[in-house]
Protein chains: 2
Amino acid sequence: MAVSEKEALCPYRLVLEHVTSRWGVLVLIELLDRPYRFSELRRTISAYGGGRGVSEKMLTQTLQTLERDGLVHRDAKPVIPPRVDYSLTGLGREAAEQVRALSQWTRDRMDDVEKARQTYDEARAAS
Amino acid sequence: MAVSEKEALCPYRLVLEHVTSRWGVLVLIELLDRPYRFSELRRTISAYGGGRGVSEKMLTQTLQTLERDGLVHRDAKPVIPPRVDYSLTGLGREAAEQVRALSQWTRDRMDDVEKARQTYDEARAAS
DNA sequence: CAGTATCCGTGTTGATACTG
DNA sequence: CAGTATCAACACGGATACTG
């Protein structure tokens, strides 16, 4: 997420980093489908593949940041046990769509990238 | 950039992180305009605003990663003093355009974000 | 369930010095 | 000029324990 001295960065860079942050990307993409509850979101994202999932802490942090930026809407129902639904705001939806597009592109071009890597690695294996 | 255990992440997530990494974003956007030499790129990006600039190390790392992924082309001329030009590949240009779009969107919506933040902060200042 | 608070390992970052 | 190598700091991310 990057929160430290990045307060010193130009504001828009900051938002960009929130949006493109490790978990920010996944949260936005998931919420594009439908609203999610906290744990539900956690499970879904964790199952996403690769490394282990999000810690509660990181998911909380990510959601709070995105909420503060006005991209995510938090709806806490005053019931017991607690129930909180997260969804995208209009602003958030715009961002999420861009992110999804980039993510999609990456998947589409994966073959080219892998090929490029192979070429690169072979070239320097010949040292 | 993120290079550690992220080797364990699904490959496309990895590329996505390269592309959206702190300096990766700026490199791609700058190279969209024209080719740059190493130091030139370093100065331009550093002047970008906010925090201090890229360290040589980080710029090198970023460029190497992007080159390996086939997004950036490195043209090292065998002269003294050394001269190396960096430019986008076709693949890189596609990525860069997406990134620029996202970056542009962020700038455009900055006002809304700032407003949202203010609202958010005020709401919780009333604690 | 949905968080908060705290602590700690480790990776990423960046200064600095050096090389071709 | 265009890097590489080394080292130290610090922030990030996660595990754990606790709360409403």
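Here is the naming used below: chain letters follow the sequence lines, and residue numbers restart at 1 for every chain. Computed from a prediction, not measured in an experiment: that's the story for all the values here.
Side-chain atoms of A:Arg42 come within 3.5 Å of backbone atoms of A:Val54 as a donor-acceptor pair (strictly under, hydrogens ignored). At least one donor-acceptor pair closer than 3.5 Å links the side chain of A:Thr60 to the backbone N or O of A:Glu56.
For A:Tyr36 and C:dG3, the OH to P distance is 17 Å, given to the nearest whole Å. Between the P atom of C:dT13 and the CD atom of B:Glu17 lies a distance of 11 Å, rounded to the nearest Å. For the pair A:Tyr86 OH and C:dA2 C1', the computed distance is 7 Å after rounding to whole Å. Remark: C1' of C:dA5 and CE of A:Met58 are 13 Å apart, rounded to the nearest angstrom. The CD atom of A:Glu56 sits 15 Å away from the P atom of D:dT19 (whole-angstrom rounding). Atom CG in A:Asp85 sits roughly 10 Å away from atom P in C:dG3 (whole-Å rounding). Rounded to an integer number of Å, the gap from CZ of B:Arg124 to C1' of C:dT4 is 11 Å. The NZ-C1' distance, from A:Lys77 to C:dG3, rounds to 17 Å in whole Å.
For the OP1/OP2 pair of D:dA15 and a distance below 4.0 Å, the side-chain nitrogens and oxygens of A:Ser55 include no atom meeting the criterion. The shortest distance between the side-chain N/O atoms of B:Arg37 and the OP1/OP2 oxygens of D:dA2 is below 4.0 Å. Contact check, A:Gln64 against C:dT4: a side-chain N or O comes under 4.0 Å of OP1 or OP2. Applying the 4.0 Å criterion to OP1 and OP2 of C:dG11, one finds that A:Arg22 has every side-chain N and O outside that range. A close approach under 4.0 Å does not occur between any side-chain nitrogen or oxygen of A:Ser39 and OP1 or OP2 of C:dC1. OP1 or OP2 of C:dG14 has at least one side-chain nitrogen or oxygen of B:Trp23 nearer than 4.0 Å.
Side-chain N/O atoms of B:Arg107 and A:Tyr12 include a donor and acceptor closer than 3.5 Å.
In terms of hydrophobic clustering, with Ile, Leu, Val, Met, Phe, Trp and Tyr side chains grouped at heavy-atom distances under 4.5 Å, A:Ile45 and A:Leu32 are assigned to a common cluster.
Counting all heavy atoms, side chain and backbone alike, B:Gly70 lies closest to B:Thr89 at O-OG1, 2.6 Å.
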- Item | Test log, rule side-chain contact (heavy atoms from CB on, under 4.5 Å), inputs B:Thr20 and A:Leu102 | CA-CA 10 Å; B:Thr20 61; A:Leu102 187 56; 3.8 Å; yes
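Of the residues near DNA chain D, B:Lys57 and B:Phe38, the one whose nearest nucleotide (by heavy atom distance) lies more toward the 5' end is B:Phe38.
Of all nucleotides listed (D:dA2, C:dT4, C:dA2), D:dA2 comes nearest to the side chain of B:Pro82.
In this structure the side chain of B:Val72 reaches within 4.5 angstrom of the side chain of B:Leu88, judged on heavy atoms.
Nucleic acid contact for B:Arg42: none, since no nucleic acid atom lies under 4.0 Å from a heavy atom of the residue.
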- Query: Could you spell out the base pairing of DNA chain D in dot-bracket, with Watson-Crick or G-U pairs whose two distances are under 3.5 Å, [ ] crossing and | to another strand?
  - Reply: ||||||||||||||||||||
